[in-house]
Amino acid sequence: MEKPKKKSRQQVYTLLVQVGRKDGDGLPEGATGAALMIYASGVDEAEAVRETVAILKQADLAPLDVTGYGTLEEREAQGHDIPAEEQELMQRALDENSVVVAQMTEFYNGEESMDASDEIAN
């Protein structure tokens with residue numbers, strides 16, 4: 001008799017990660033860093049953050065700060081408008097148990113002090 005498939009405890013979290021410069025990071029010349037909007041799967045947000053930071057370090061990026069915005073349901077409850085394309089990337093992160101970089105914005109000359117969270121709330 002086949003066992004019923006276990007329901008996954010994985011959820012997808014929206015993270016905003018600020019990265020600094022590091023040799024070999026692939027950021028454009030003159031950039032002082034970047035903000036990455038990421039969808040990461042995990043059993044909780046802490047696991048999603050740990051996995052994301054580990055993967056970014058493997059990719060020669062220098063994570064400086066991570067801000068969590070919660071799951072799709074939590075974001076919708078906060079009134080965030082989440083387009084279908086974003087929801088598809090979130091589903092991909094869940095299906096593949098992976099980290100998906102949805103957007104990268106490079107910073108130049110100290111722009112990183114700007115409030116990058118504006119991008120998420122819109």
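Given the structure is predicted, the values throughout are model-derived calculations rather than measurements. For the single chain, residues carry numbers from 1 onward in sequence order.
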Asker: Answer whether the closest heavy-atom distance between the side chains of V43 and Q11 falls below 4.5 Å.
Answerer: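 V43 vs Q11: side chains apart.
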Asker: With rounding to the nearest 0.5 Å, note down the distance linking CG in L89 to CD in E85.
Answerer: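 One gets 8.5 Å once the value is rounded to the nearest 0.5 Å.
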Asker: Please check if the number of heavy atoms outside K22 that lie under 6.0 Å from its NZ is greater than 12.
Answerer: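 Enclosed: over 12 neighbouring heavy atoms sit under 6.0 Å from NZ of K22.
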Asker: Checking R75 against T14: is there a side-chain donor and acceptor pair closer than 3.5 Å?
Answerer: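 Yes, R75 and T14 have a side-chain donor paired with an acceptor closer than 3.5 Å.
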Asker: Which heavy atom in V19 sits nearest to a heavy atom in L61, and how many Å separate them?
Answerer: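 What the structure gives for the nearest pair is CG1-CB, 4.3 Å.
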Asker: Under a 4.5 Å cut-off applied to non-hydrogen side-chain atoms, are L56 and L36 in contact?
Answerer: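 They are in contact (side-chain heavy atoms under 4.5 Å apart), so the answer is yes.
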Asker: Is L16 close to I38 at the side-chain level, that is, under 4.5 Å between some pair of heavy atoms?
Answerer: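 I38 does not reach L16 side chain to side chain.
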Asker: Between D65 and V17, is the side-chain contact (heavy atoms from CB on, under 4.5 Å) condition met? List the steps.
Answerer: CA-CA 6 Å; D65 185 60; V17 182; over 6 Å; no
Asker: List for me each residue that meets side-chain hydrogen bond (donor to acceptor under 3.5 Å, both in side chains) alongside Q78, sequence neighbours excluded, and say none if there are none.
Answerer: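 Expected list: H80.
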Asker: Quick one: does any side-chain atom of T32 pair with a main-chain N or O of F107 as donor and acceptor, under 3.5 Å?
Answerer: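 Yes; judged by distance alone, with no hydrogens or angles, the pair exists.
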Asker: Got E88 and M90 here, is their nearest side-chain heavy-atom distance under 4.5 Å?
Answerer: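 Not in contact.
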Asker: To the nearest 0.5 angstrom, please state how far the NZ atom of K57 sits from the CD1 atom of I55.
Answerer: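 These two atoms lie 12.5 Å from each other.
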Asker: Which residues pass the side-chain hydrogen bond (donor to acceptor under 3.5 Å, both in side chains) test with D60, sequence neighbours left out?
Answerer: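 Expected list: none.
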Asker: I'd like to know if V12 and I82 are part of one continuous hydrophobic network [Ile/Leu/Val/Met/Phe/Trp/Tyr, side-chain heavy atoms within less than 4.5 Å].
Answerer: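 Yes; tracing contacts between hydrophobic side chains, which count when under 4.5 Å, links both residues.
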Asker: Any idea which heavy atoms bring P28 and E106 closest together, and the distance?
Answerer: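 Heavy atoms of P28 and E106 come nearest at CD-CG, 3.5 Å.
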Asker: Over all heavy atoms of both residues, which pair between Y108 and G30 is shortest? Give the atoms and the distance, please.
Answerer: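 Heavy atoms only, the tightest pair is CD2-O, 3.2 Å.
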Asker: Just by distance, do the side chain of Q103 and the backbone of M37 share a donor-acceptor pair under 3.5 Å?
Answerer: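 A pair under 3.5 Å: no.
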Asker: Closest approach of L27 and A34, non-hydrogen atoms and distance?
Answerer: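 Result for this residue pair: CD2-CB, 3.9 Å.
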Asker: Considering only residues two or more places apart or on different chains, which pairs with a residue in residues 35-50 satisfy side chain to side chain donor-acceptor pair (under 3.5 Å)?
Answerer: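 Pairs touching residues 35-50 that pass the test: Y39-E86, S41-N97.
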Asker: Given Y69 and L15, is the side-chain contact (heavy atoms from CB on, under 4.5 Å) satisfied, shown in steps?
Answerer: CA-CA 6 Å; Y69 289 89; L15 306 174; over 6 Å; no
